[in-house]
Amino acid sequence: MKKYMLTYSAVFVLFIGLMWWIISKGKKLVPHYSSLAQTETNVNTPIERVPSIISETPLEVFYQHMQQPLSRLLLQVIVILLVARIFGTLARRLRLQSVVGEMIAGIVLGPSLLGWVFPRFSAFLFFPDSLKSLQFLSQVGLVLFMFVIGMELDIAQVRNKAKDAVVISHASILFPYFLGTLLAYFLYEHFAYTGTSFLSFALFMGIAMSITAFPVLARILQERKLTQTPLGILTVTCAAADDVTAWCILAVVIAIVKAGGMLSALLAIGLAVLFVVFMLYPLKNWWSKTSAYLVKRKATSKTLIAGSFFVLLLSAWLAEVIGIHALFGAFLAGVIMPQEASIKKLLTDKVEDISVLLFLPIFFAFTGLRTHIGLLTEGNYWWICILIILVAVTGKFGGSTLAARIVGQSWKDALSVGVLMNTRGLMELVVLNIGFDLGILSPEIFAMMVIMALSTTLMTGPGLELINYYFSRPIVSPKEFVNRVPK
C-alpha cells in the first residue's frame with residue numbers, strides 16, 4: 001500500500017511540476033493573431049477584455065460571480081422557494097390553502113414590500129434584465145401545470161352532472177362577465193393603455209371577473225372531505241365546466257386582441273376551432289391507440305412519458321402559433337390524455353410535483369414583481385379596488401348561488417356553491433398575466449385585479465365556516481325564545 005502511495009505521489013508531483021514549467025515558459029510568449037474585428041477597431045477605442053482574476057480581491061471575484069446570469073437566476077429561485085415555503089406553511093397553520101400563502105409570498109418579494117423596505121437588495125436580486133429568465137421559467141411551469149389540470153378534468157363526472165352543472169357554471173360566467181364589461185365602461189378612459197380598444201379591454205375585464213380556480217377549489221373540497229358528497233361532486237363539475245368554457249372564451253378574446261381587425265379575428269377564431277377539433281378527435285384517437293399499444297407491449301414508462309410530452313409540446317406550440325396562447329394548448333393536451341388510472345397516475349406523479357413545488361412559486365414571484373401596490377396610493381384608487389372586489393364577489397357568488405337555488409339546491413348548498421365558485425386563486429393570476437403581456441391591463445389595474453384575486457381566494461375558507469355555523473345552529477321557535485328570556 002505504501003509503495004502505491006509513493007508512486008502516486010511521485011507521478012502527481014511530476015506532472016504538477018511539468019505543468020508549472022510550461023506555464024512559466026508560456027508567459028514569455030507574445031500572441032500575433034488579430035481578428036478582422038480587432039484590426040478594424042479604432043486604436044483609440046478601448047477593447048473589452050476579460051478582467052484579470054489574479055489582480056482582484058476574493059470579495060470582488062465572489063461579487064462578479066454572483067452577477068453572472070446563471071448564478072443570479074439560481075439565487076432568485078432559492079430565495080423564491082424559501083419564502084414561498086415559509087408563507088405556504090403559515091397559510092396551512094391558519095387553515096388556509098398553501099397556494100394563498102404562495103400568492104402572498106409573491107407580492108412580498110415584489111416592489112410592494114421587499115422593493116419598498118430593501119430597495120438596494122431588491123434591485124440586486126431582481127435586476128430588471130434578469131427577469132426574462134424568470135418569465136420563461138414561469139411560463140414553462142404554467143404549461144406543465146395546465147397539462148395536469150387538463151388531466152384532472154373528469155369528463156364522465158361532467159356528463160353525469162351536466163344538466164345542473166351547465167346551468168350553474170354558465171350563470172357563474174354570464175352574470176360576472178356582464179358586470180365586468182359594465183365596470184370596464186367606467187374604468188376604460190383612466191386605466192387602459194393608449195391604443196387599446198374598448199372591445200379588448202371590456203372582454204378581458206369580463207373574463208377576469210368570471211374565472212374560477214378549479215385546482216384550488218378541488219383541493220379545498222379534498223381537505224374538507226367533500227369530494228364524494230353531492231355538494232362536492234356538483235361543485236367540482238361546475239368548476240370543470242366553468243374552466244372549459246372560460247378558457248374557450250379566453251382563447252377567442254386573445255385571438256381578437258392579437259388579430260386587431262375583424263377579418264383577422266375571424267380567421268384566428270376559425271383556426272382555433274379547427275385546432276380544438278383536431279385535438280379532440282384525430283390526435284386523441286391516435287394517442288389513445290398508441291398508448292394502449294405501448295401498455296400492451298409492456299413498453300417502458302419512459303417511452304409513454306416521452307410520447308405524452310411530445311403531445312403536450314405539439315399542442316402548446318400549435319396554440320401559440322395560432323394565437324390563442326400555449327396554456328390553452330397544454331390544457332387541451334391534458335384533457336385528451338388516456339383515461340386509464342395507471343397512465344394518469346404515472347404522468348401526474350412525474351409532472352405535478354415539479355410544476356407545483358418548483359415552477360408555480362416562480363410564477364407567483366414573477367406576478368408579485370409586476371404588482372406594485374404603491375401605485376394605488378393616489379386619489380381614489382383604493383376605492384376603485386374595493387369596487388372591483390365587490391363587483392367580482394357579487395357577480396360570481398350571486399350568479400352561482402341563484403343558479404344553484406333555481407336548479408333545486410337547498411339554501412345551504414346553494415350558498416356553499418357560490419362561495420366555492422368565487423374562488424379565483426391561481427387561474428385568475430394566469431389570466432391577468434396574459435392581459436398584462438398583451439398590453440391590455442395597465443400596472444394600476446393589474447395591481448387591483450391581483451388584490452381582488454387574493455381577496456376572493458381568502459374568502460373561501462371563512463365563508464364555508466360561516467355557512468356551516470349558521471345552518472348548524474338549532475332552530476328556536478318564537479315561543480321558546482320568549483321562554484328563554486330572563487324575567
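All values below were derived from every heavy atom in this structure, side-chain atoms included, with hydrogens, water molecules and symmetry-related copies excluded.
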Which residues pass the ring pair (Phe, Tyr, Trp, His ring centres under 6.0 Å) test with [X], sequence neighbours left out?
X    : value
F191 : Y381
F446 : F436
F198 : Y188

For the residue pair [X] and [Y], what are the closest heavy atoms and their distance?
X    : Y    : result
A403 : V167 : CB-O, 4.1 Å
A330 : V143 : CB-O, 3.3 Å
W116 : S112 : CB-O, 4.0 Å
A84  : A105 : CA-CB, 3.9 Å
S98  : R92  : CB-NH1, 3.4 Å
G368 : P111 : O-CD, 3.5 Å

### Message
Does F118 have more than 12 heavy atoms from other residues, nucleotides or ligands lying within 6.0 Å of its CZ?
### Response
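Check fails, neighbour count at 12 or below.
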### Task
Return yes when atom CZ of R85 has more than 12 non-hydrogen atoms of other residues, nucleotides or ligands closer than 6.0 Å, and no otherwise.
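Counting neighbours around CZ of R85, 12 or fewer heavy atoms of other residues, nucleotides or ligands fall under 6.0 Å, so no.
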To the nearest 0.5 Å, tell me how far [X] [atom1] sits from [Y] [atom2].
X    : Y    : atom1 : atom2 : result
L114 : I107 : CG    : CD1   : 13.5 Å
N433 : Q139 : CG    : CD    : 7.5 Å
I173 : I168 : CD1   : CD1   : 12.5 Å
L420 : D413 : CG    : CG    : 10.5 Å
C385 : M448 : SG    : CE    : 6.5 Å
I336 : L283 : CD1   : CG    : 4.0 Å

Would you say [X] and [Y] make side-chain contact, with heavy atoms under 4.5 Å?
X    : Y    : value
L142 : F359 : no
V77  : L358 : yes
W382 : I373 : yes
L327 : L250 : no
I434 : I254 : yes
V430 : F363 : yes
M449 : E428 : yes
W383 : I388 : no

May I have all residue pairs that pass salt bridge (charged side-chain N to carboxylate O under 4.0 Å, His left out) and include part of [range], sequence neighbours excluded?
range            : result
residues 116-140 : none
residues 429-439 : R370-D437
residues 459-472 : R95-E465, R224-E465

Looking only at atom types and distance, does a side-chain atom of [X] sit under 3.5 Å from a main-chain N or O of [Y], one as donor and one as acceptor?
X    : Y    : value
S472 : Y469 : yes
Y177 : L203 : yes
T196 : A192 : no
R424 : V450 : no
N468 : L464 : yes
S355 : E352 : yes

Sequence neighbours left out, what passes side-chain contact (heavy atoms from CB on, under 4.5 Å) with [X]? Give chain and number order.
X    : answer
V393 : I389, F397, N422, T456, M459
L134 : L73, Q76, I80, F126, L131, I362, F366, L369
L402 : none

### Task
Decide side-chain contact (heavy atoms from CB on, under 4.5 Å) for F364 and L109; before the verdict, give the C-alpha distance in whole Å, the side-chain angles of both, and the deciding distance to 0.1 Å.
CA-CA 9 Å; F364 290 133; L109 289 171; over 6 Å; no
Please tabulate, for side-chain N and O atoms in residues 306-320, each donor-acceptor pair with protein atoms closer than 3.5 Å (sequence neighbours left out).
from	atom 1	to	atom 2	distance (Å)
S308	OG	L304	O	2.9
S315	OG	G329	O	2.5
E320	OE1	A326	N	2.9

#### Entry: Worked verdict on M205 versus I440 for side-chain contact (heavy atoms from CB on, under 4.5 Å)
CA-CA 9 Å; M205 286 294 294; I440 299 172; over 6 Å; no
### Task
Report yes or no: do T212 and K396 form a side-chain donor-acceptor pair below 3.5 Å?
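Result is yes, a qualifying pair exists.
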### Message
Hydrogens and angles aside, do S169 and S172 bring a side-chain donor and acceptor to less than 3.5 Å of each other?
### Response
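Their side chains do not contain a donor-acceptor pair, so the 3.5 Å distance test is not met.
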### Query
Does F124 have R72 sitting over its ring (NZ/CZ under 6.0 Å from centre, angle to axis within 45°)?
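That pair qualifies as a cation-pi contact.
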### side chain to side chain donor-acceptor pair (under 3.5 Å) against T460, all qualifying residues, sequence neighbours excluded
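T460 satisfies side chain to side chain donor-acceptor pair (under 3.5 Å) with T423 once adjacent residues are dropped.
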#### Entry: side chain to side chain donor-acceptor pair (under 3.5 Å) involving T235 - partner list, sequence neighbours excluded
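For T235 there are no side chain to side chain donor-acceptor pair (under 3.5 Å) partners, ignoring immediate neighbours.
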### F328/L332 under side-chain contact (heavy atoms from CB on, under 4.5 Å): CA gap, chis, key distance, verdict
CA-CA 6 Å; F328 183 72; L332 268 182; 3.7 Å; yes
### Audit row: F136, V140, side-chain contact (heavy atoms from CB on, under 4.5 Å) steps and yes/no
CA-CA 6 Å; F136 285 133; V140 171; 5.6 Å; no
